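Worksheet for the structure shown next.
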Amino acid sequence: MRWSTMHIPTLREDPAEAGAPSHRLLLRAGYIRQLYAGHYSLLPLAVRVRLKVIGVIREEMNRIGAQEILMPVMHPAEVWQRSGRWYAIGDEMFRLKDRKGADLVLGMTHEETVTTLASELNSYRELPKSLYQFQTKLRDEARPKAGLMRTREFTMKDSYSFDLDAAGLDKSFDLHYEAYSRSFARMGIPAIPAEASNGAMGGSGSIEFVCPAESGEDDVVHCPNCGYAGNAEKATSTLPPADAAADAAAAADAPERFDTPGVRTIEDLARDYDAPGDRQLKTLVYVLGGELTLVLVRGDHALEEQKLIDATGKADARPATAEEIFAALGAHPGSLGAVGVTDLPVIADEALRGRSGMVTGANTDDVHVRGVDVARDIAVGTWADLRAAQAGESCVRCGSPLEVVKGIEVGHIFKLGTKYTDAFELSVSGPDGKPARPVMGCYGIGVERAMAACIEVHHDDKGIAWPASIAPFEAVVVVAQQNNAEVAEKGEQVYRGLADAGVDVIIDDREVRAGVKFSDAELVGIPFRVTIGKRGLAAGTAEVTDRATGETAEVPFDQVPKHVREAVAAAISLS
RNA sequence: CGGGCUGUAGCGCAGCUUGGCUAGCGCGCGUGCUUUGGGUGCACGAGGUCGCGGGUUCGAGUCCCGCCAGCCCGACCA
């Protein structure tokens with residue numbers, strides 16, 4: 001490939017609209033251009049990287065025995081109606097009508113479609129089976145952002161496993177876990193596997209792969225000591241046991257009301273009434289599945305909404321409005337409590353179990369109660385882990401202090417169960433001759449997002465520094481003096497030598513100053529730069545420079561192909 | 001969907017507050033000379049429905065109203 005003929009529109013200045021490093025660099029280095037919000041054209045360099053990412057994932061999927069297919073982007077509404085998601089999903093699904101007026105869906109994922117294919121599985125002997133594809137997904141994201149990080153149109157590698165039973169699903173799940181771990185490692189993406197909420201996908205378990213990055217949207221609770229990790233929506237931590245003596249000291253025979261004029265917050269109460277946050281009950285009011293519900297957490301804890309949803313199975317959760325609250329409890333937020341409340345469901349966080357001597361609102365403005373014994377005074381209907389784990393709390397596995405890191409969700413694997421095989425009434429003949437319902441798993445990797453995540457991790461002030469495994473080219477031959485016939489010819493020779501040695505190489509044969517070529521090579525992020533110039537010509541050497549480290553080696557011309565090929569191989573095996 | 005901000009040449013911006021002759025600057029682009037291993041220097045040149053629509057005015061890039069688009073924060077995110 002020749003730089004002089006390739007479309008690589010690099011920009012000298014940073015584009016104004018780009019915030020995240022990957023967004024800025026993808027634009028500036030000539031990889032992508034925006035058509036409109038959330039929709040990007042991939043230019044030649046990006047297409048090359050995308051194909052390499054796909055290549056890595058494809059190898060790893062094939063390695064675990066998955067088979068590649070390709071399903072349509074556009075689906076009849078019927079299959080989505082059959083699974084129920086036609087009704088369950090809101091504005092995020094693109095819907096349209098064809099000329100006959102038939103309802104159609106632009107696929108945001110392919111569980112329905114693959115399950116219709118799987119109807120041709122007839123016997124347990126055909127299981128397990130994993131099918132995968134690289135296909136465009138369309139999602140009407142409320143807020144596309146950060147370039148390729150969050151778009152409305154993107155490529156996803158999605159795979160779907162079918163097994164005879166739960167044990168089989170576990171195995172397929174583990175195989176995908178391995179394939180994902182290997183894929184991300186090969187692409188130089190330091191993805192942390194984190195326990196995650198299944199969310200609306202349902203099913204019995206899920207792990208998301210999170211690449212730590214400032215620009216990420218996920219919070220992951222992570223133990224640097226033992227490696228435990230969980231999405232904030234799911235992660236737990238160990239708390240020190242409550243101080244029984246202190247509880248006893250604050251306890252009372254019955255809850256005791258006391259006036260707290262002007263007190264609205266946990267902090268007010270802690271400061272003015274000797275009630276530290278961990279001695280308070282925080283009473284939140286939610287509308288869960290249309291029903292007003294009291295949610296209790298410790299005063300110094302934060303509710304994790306997803307845990308509330310997971311614990312109750314009610315996906316339509318929202319905080320109640322001040323009006324709804326006043327109508328039900330007769331008080332405003334700041335003076336709410338669950339003591340004596342029997343007409344509303346109460347769900348409480350596990351950290352409150354067994355506590356006594358607690359302080360909470362009295363459901364009268366400017367009045368609180370103390371000496372509350374949770375077991376005695378509150379009609380808790382459901383106990384659950386509801387609080388958000390926080391940095392500094394103890395790891396549930398090893399007890400070390402946890403940290404909270406921001407990251408990008410680059411992959412997610414789910415145990416689905418039989419939600420879709422039930423809906424489509426899929427069955428195979430089991431070993432006993434009776435019908436058996438296959439259990440499914442689904443597994444996704446965002447291809448362009450993985451590219452963005454990789455850049456977030458591999459860049460510096462000069463530009464991108466791709467891992468060799470997915471770089472658009474492995475090496476660039478820079479002809480330092482294009483107008484010097486001897487230098488130009490030597491550049492061509494070295495270029496051919498590298499190509500013949502199997503190196504994915506581009507020659508920068510443009511009639512521009514050497515400085516421009518150096519800057520562009522660094523901006524674009526090609527791992528190895530082979531510089532041919534007058535200096536080296538006399539000595540019979542080229543300079544081979546490592547993009548990531550900046551280290552340069554003088555290499556005799558005839559050894560350049562071998563040297564670079566080995567350097568590339570080493571770089572690829574490293575990751 | 002709520003809050004904030006921004007739309008002027010391919011990119012980055014000034015001009016708007018206080019309306020006024022032909023709308024400017026830097027980068028990039030073209031031509032020529034120059035320079036030649038870290039985005040050279042000089043000269044000449046091309047490139048604009050000032051986001052769109054309406055209004056006020058003798059006159060609107062500038063003031064007013066409406067709309068659209070984009071960015072950031074939040075909500076949302078199967």
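Remember, predicted model here, so these are calculated numbers, not experimental data. So you know, we letter chains A, B, ... as the sequences are listed, proteins then strands, and number each from 1.
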Report, one pair per line, the protein and nucleotides 40-51 of chain B atoms (nitrogen or oxygen only) whose separation is under 3.5 Å.
residue, atom, partner, partner atom, Å
B/U40, OP2, A/R513, NE, 2.7

side-chain hydrogen bond (donor to acceptor under 3.5 Å, both in side chains): pairs with one or both residues in residues 440-460 of chain A, sequence neighbours excluded: A/S22-A/E456, A/R50-A/E448, A/T155-A/E448, A/S161-A/Y443, A/S215-A/E456, A/D460-A/R547
Just how far, in rounded Å, is P of B/G38 from CZ of A/R510? 15 Å
Atom-pair distance (CD on A/E92; P on B/A75), nearest Å: 15 Å
Opposite nucleotide pairing with B/C11, Watson-Crick or G-U, both atom distances under 3.5 Å: B/G26
Scan A/R143 against the nucleic acid and name what it touches under 4.0 Å (heavy atoms): base, sugar-phosphate only, or nothing. base
So A/E409, base contact, sugar-phosphate only, or nothing? Heavy-atom distance under 4.0 Å. nothing
Determine the interatomic distance between P on B/U36 and the same-named atom on B/C16; round to the nearest Å. 44 Å
Given protein heavy atoms under 4.0 Å, the one-letter contact record of nucleotides 9-14 of chain B, with B base, S sugar-phosphate only and - none, is simply --BSS-
Touch check for A/Q34, heavy atoms < 4.0 angstrom, all strands: base, sugar-phosphate only, or nothing? sugar-phosphate
So which nucleotide does B/U62 pair with, by the Watson-Crick or G-U wobble rule with both distances under 3.5 Å? none
Any N/O donor-acceptor pair, A/R28 side-chain to B/G28 base, under 3.5 Å: no
Whole-Å gap separating P (B/C1) and CG (A/D140): 10 Å
Would you indicate what A/R529 reaches in the nucleic acid, counting non-hydrogen atoms under 4.0 angstrom: base, sugar-phosphate, or nothing? base
With a 3.5 Å limit on both atom pairs, tell me what B/G70 is paired to, counting Watson-Crick and G-U wobble, or say none. B/C5
Answer yes or no: does a side-chain N or O of A/K145 lie under 4.0 Å from OP1 or OP2 of B/C73? yes
Using a 4.0 Å heavy-atom cut-off across all strands, classify A/G19 as base, sugar-phosphate, or nothing. nothing
Please determine if A/R95 and A/D103 form a salt bridge, counting it only when a charged side-chain N lies under 4.0 Å from a carboxylate O. no
Looking at the side chain of A/A88, which of B/G70, B/C76, B/A78 is the nearest nucleotide? B/A78
So what does A/D91 hit on the nucleic acid, given a heavy-atom distance under 4.0 Å: a base, only sugar-phosphate, or nothing? nothing
Nearest-Å distance, OH (A/Y420) to C1' (B/A78)? 6 Å
So A/Q481, base contact, sugar-phosphate only, or nothing? Heavy-atom distance under 4.0 Å. base
Touch check for A/A37, heavy atoms < 4.0 angstrom, all strands: base, sugar-phosphate only, or nothing? sugar-phosphate
Is it true that A/E111 and A/K419 have a side-chain N and a carboxylate O under 4.0 angstrom from each other? no
